[in-house]
Structure formats: structure tokens, C-alpha cells
Amino acid sequence: MTQKQNIIISLLVHRFGGWGLLLLTLIIGVLGGYYGGHWHVLKLQDELAQQQKNIDQLYQRAETFDYQQHIATVELGIERAASKNLQQELLIAQDENFALRREITFYQKIMAPEMEASGVVIDSLELQKNITPNHYHFRLAIVQMERVRNLTKGTLNITLHGRKNDKPASFDLLDLANVEAKDRQFSMRYFTVQAGDFVLPDDFLPERLDVEVSISGSRQSLSRSFFWSQLLQPREIANEDGNT
């Protein structure tokens, strides 16, 4: 406490006595408490307003999320209904495909019994040019036609026929594609695919591909011929008249 403050307090005590000083102290304390409390209340009000603003924003976000969730639920229901319809259509298409295959199998047994054995058929042979000249890619699909499909084993061979130096010539396509003997055997349920790449021999003009499939446990064998020129046509044309 400074000398000046001591003088002021002494004068107040001398002027008003001890009760006056106490009263003055109380007044100063009350005023200080009032203004301090008022400032604290204003600060709390600001904090409350900010919290209320945050709450309002959270409510708005919650409403937005609820709306988005409702939309997502509706879209999910639509997708599920569409998926269910597609599954039903797929089942119908599979049944129709199965019926058509059974009819094909029936007529094949009558018209070309060599094309079906033990419910197995040579489904398709695809041929594509590679970038390098005389390089080609082939893909052979063998399919089981019966509804109840057991494990089927067999062996396949593909012979490439044509002309070399104006004379008939034949080559083993799987040899040209470096397919080993063990890879010519297959074990399948539903279908199997044999694919590879090969290079045509020099001065060889290809004409036809003969596919032969031997089924294990069956005396029958499958055979089907594909013409080279038609295999290289667009698929729509080849499917119409590209094989025999």
C-alpha cells in the first residue's frame, strides 16, 4: 500500500469514522460484483447463443440425413425389386436356353450323331488375328447339355487342314500352339475352354479346322468342322453359316 493510499484511508476514517469506511467498501464490492456478474452473464448468453446455433445446425443436418436415408431406402427398394425381376427373367431365359439346347441335342442325335456324346457338345470355336502376321488366337468351348451335369473327362484334338506348295497338308493345331499332352485332357462340369496362340507354317494356306473330342467312359466321340475363312468373319455372320 502506497503512502498516498494510506493518507486517503486516514482522511476517510477521520472524516466518516469506521462505519463509513465499511459502507464505502461494501458499496465498492457490490458494484464490482454486479458488473463482474453482468459481464459473466453476457458471456454465458453468447455461449448459449452459439450452442443454440450449433444445435440448430445439427438439427438441419439430421433432417438432411433423414431425407437422404429415406431416398436411399426407396432407391434400395427399387433396386431390389429390379434385381428380383432380373433374376426371374434370368431363370426364364435359362429355362428357355435349356429347352432350346435340348431340342438342338435331339436334332443333332438324328441329323449328326457325331456332334453329341454323353450329353456333351462342341459349342463353339473362335479365331482371332494377332498383331503379328500369321499369328492367331483360338478359343474352343465344350459344353454339357444335360440338366444334371456330372463330372466329365475327355481328350481333345484339333487338326488344321489346308494346302502347302499347292499340295494338301495338315498340322496338329495344339502342337502349333505348344499345348502339352496333359493339357489336351479336360475334366469339366458345365463347360470347359481350351485357348492358345499359334503361328501358321510358312507357305501354308489354311482351309478347315477339325475338332475331335473323346469322352472317357464312352465309345462315342465328338467331331465338328469349322471353315477357316468363315471363322475370321464377323461373329454375327459366322454364327449364321460359319460351321458344319
Side-chain angles (χ1 to χ4, degrees), residues 97 100-101 103-146 152-244:
N97 182 55
L100 290 174
R101 287 184 176 273
E103 291 181 7
I104 293 173
T105 303
F106 173 76
Y107 288 113
Q108 283 179 345
K109 289 180 179 179
I110 297 174
M111 303 299 296
E114 71 278 1
M115 295 179 63
E116 188 273 339
S118 302
V120 177
V121 297
I122 300 170
D123 184 72
S124 62
L125 176 63
E126 297 177 4
L127 189 66
Q128 296 178 346
K129 288 184 178 180
N130 290 333
I131 297 176
T132 307
N134 292 331
H135 284 64
Y136 295 87
H137 176 81
F138 76 93
R139 181 180 182 275
L140 173 67
I142 302 172
V143 178
Q144 286 180 294
M145 303 291 290
E146 302 294 335
T152 300
K153 298 181 179 181
T155 305
L156 64 90
N157 291 285
I158 306 176
T159 304
L160 176 60
H161 299 281
R163 301 188 68 84
K164 183 177 176 66
N165 299 324
D166 293 329
K167 295 181 180 180
S170 299
F171 294 91
D172 188 322
L173 183 69
L174 298 181
D175 282 343
L176 296 178
N178 297 317
V179 177
E180 299 180 2
K182 63 181 180 63
D183 295 325
R184 303 184 185 203
Q185 299 176 358
F186 62 86
S187 178
M188 72 171 184
R189 182 177 282 112
Y190 298 104
F191 70 94
T192 186
V193 174
Q194 177 71 59
D197 296 277
F198 64 95
V199 181
L200 288 178
D202 294 334
D203 300 323
F204 178 73
L205 181 62
E207 296 178 347
R208 190 181 77 251
L209 286 165
D210 289 343
V211 180
E212 295 182 359
V213 178
S214 300
I215 305 299
S216 300
S218 175
R219 296 181 179 179
Q220 292 179 295
S221 61
L222 303 175
S223 63
R224 186 171 179 181
S225 297
F226 299 84
F227 291 106
W228 179 273
S229 60
Q230 293 174 337
L231 285 172
L232 292 178
Q233 291 179 355
R235 184 171 299 178
E236 292 78 6
I237 299 175
N239 285 341
E240 291 178 0
D241 50 16
N243 52 70
T244 59

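Just so it is clear, the structure is predicted and the values come from calculations on it, not from any experiment. Along the sequence shown, residues are numbered consecutively beginning with 1.
Of the possible polar contacts, none joining the Lys129 side chain to the His137 backbone as a donor-acceptor pair under 3.5 Å is found. Checking side-chain atoms of Arg224 against main-chain N and O of Ile122 turns up a donor-acceptor pair under 3.5 Å. Formation of a donor-acceptor pair under 3.5 Å by the Asp172 side chain with backbone atoms of Leu174 is found in this model.
Scanning both residues, Leu125 and Leu231, for their nearest heavy atoms gives O-CD2, 3.2 Å. Heavy-atom minimum distance, Asp183 versus Gln194: O-OE1, 3.0 Å. Ala177 and Phe138 get closest at one heavy-atom pair: CB-CE2, 3.8 Å.
Counting non-hydrogen atoms of other residues, nucleotides and ligands closer than 6.0 Å to CZ of Arg163 gives a total above 12.
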Chi angles and distances behind the side chain to side chain contact (heavy atoms under 4.5 Å, CB included) call for Ile158, Leu209: CA-CA 7 Å; Ile158 306 176; Leu209 286 165; 4.0 Å; yes
Residues Phe171, Thr159; criterion side chain to side chain contact (heavy atoms under 4.5 Å, CB included); working and verdict: CA-CA 6 Å; Phe171 294 91; Thr159 304; over 6 Å; no
Worked check of side chain to side chain contact (heavy atoms under 4.5 Å, CB included) between His161 and Glu207: CA-CA 6 Å; His161 299 281; Glu207 296 178 347; 5.5 Å; no
Side chain to side chain contact (heavy atoms under 4.5 Å, CB included) between Ile142 and Met188, intermediate numbers included: CA-CA 9 Å; Ile142 302 172; Met188 72 171 184; 3.9 Å; yes
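Contact of the Thr155 side chain with the Val213 side chain is not registered, since no non-hydrogen atoms from C-beta on lie closer than 4.5 Å. Side-chain contact check for Leu140 versus Thr192: every heavy-atom pair is 4.5 Å or farther apart. Between Arg184 and Val179, some side-chain heavy-atom pair lies under the 4.5 Å cut-off.
For the atom pair Leu173 CG and Leu127 CG, the distance stands at 8.5 Å (nearest 0.5 Å). Going from atom CZ of Phe204 over to atom CG of Leu176 covers 8.5 Å, rounded to the nearest 0.5 Å. In this structure, Leu200 CG and Leu205 CG are separated by 9.0 Å, a value rounded to the nearest 0.5 Å. With values rounded to the nearest 0.5 angstrom, Glu212 atom CD is found 10.5 Å from Leu156 atom CG. Residue His135 holds its NE2 atom at 15.0 Å from CD of Gln128, rounded to the nearest 0.5 Å. Taken from CD in Gln185 to OG in Ser214, the straight-line distance is 10.5 Å, to the nearest 0.5 Å.
Between Asp210 and Ser225, the side chains place a donor N or O and an acceptor N or O closer than 3.5 Å (distance only, hydrogens not considered).
Evaluation of the ring pair (Phe, Tyr, Trp, His ring centres under 6.0 Å) rule for Tyr136 yields Phe198, Trp228 as partners, not counting sequence neighbours.
Salt bridge annotation for Arg139-Asp197: absent, with no cationic side-chain nitrogen under 4.0 angstrom from a carboxylate oxygen.
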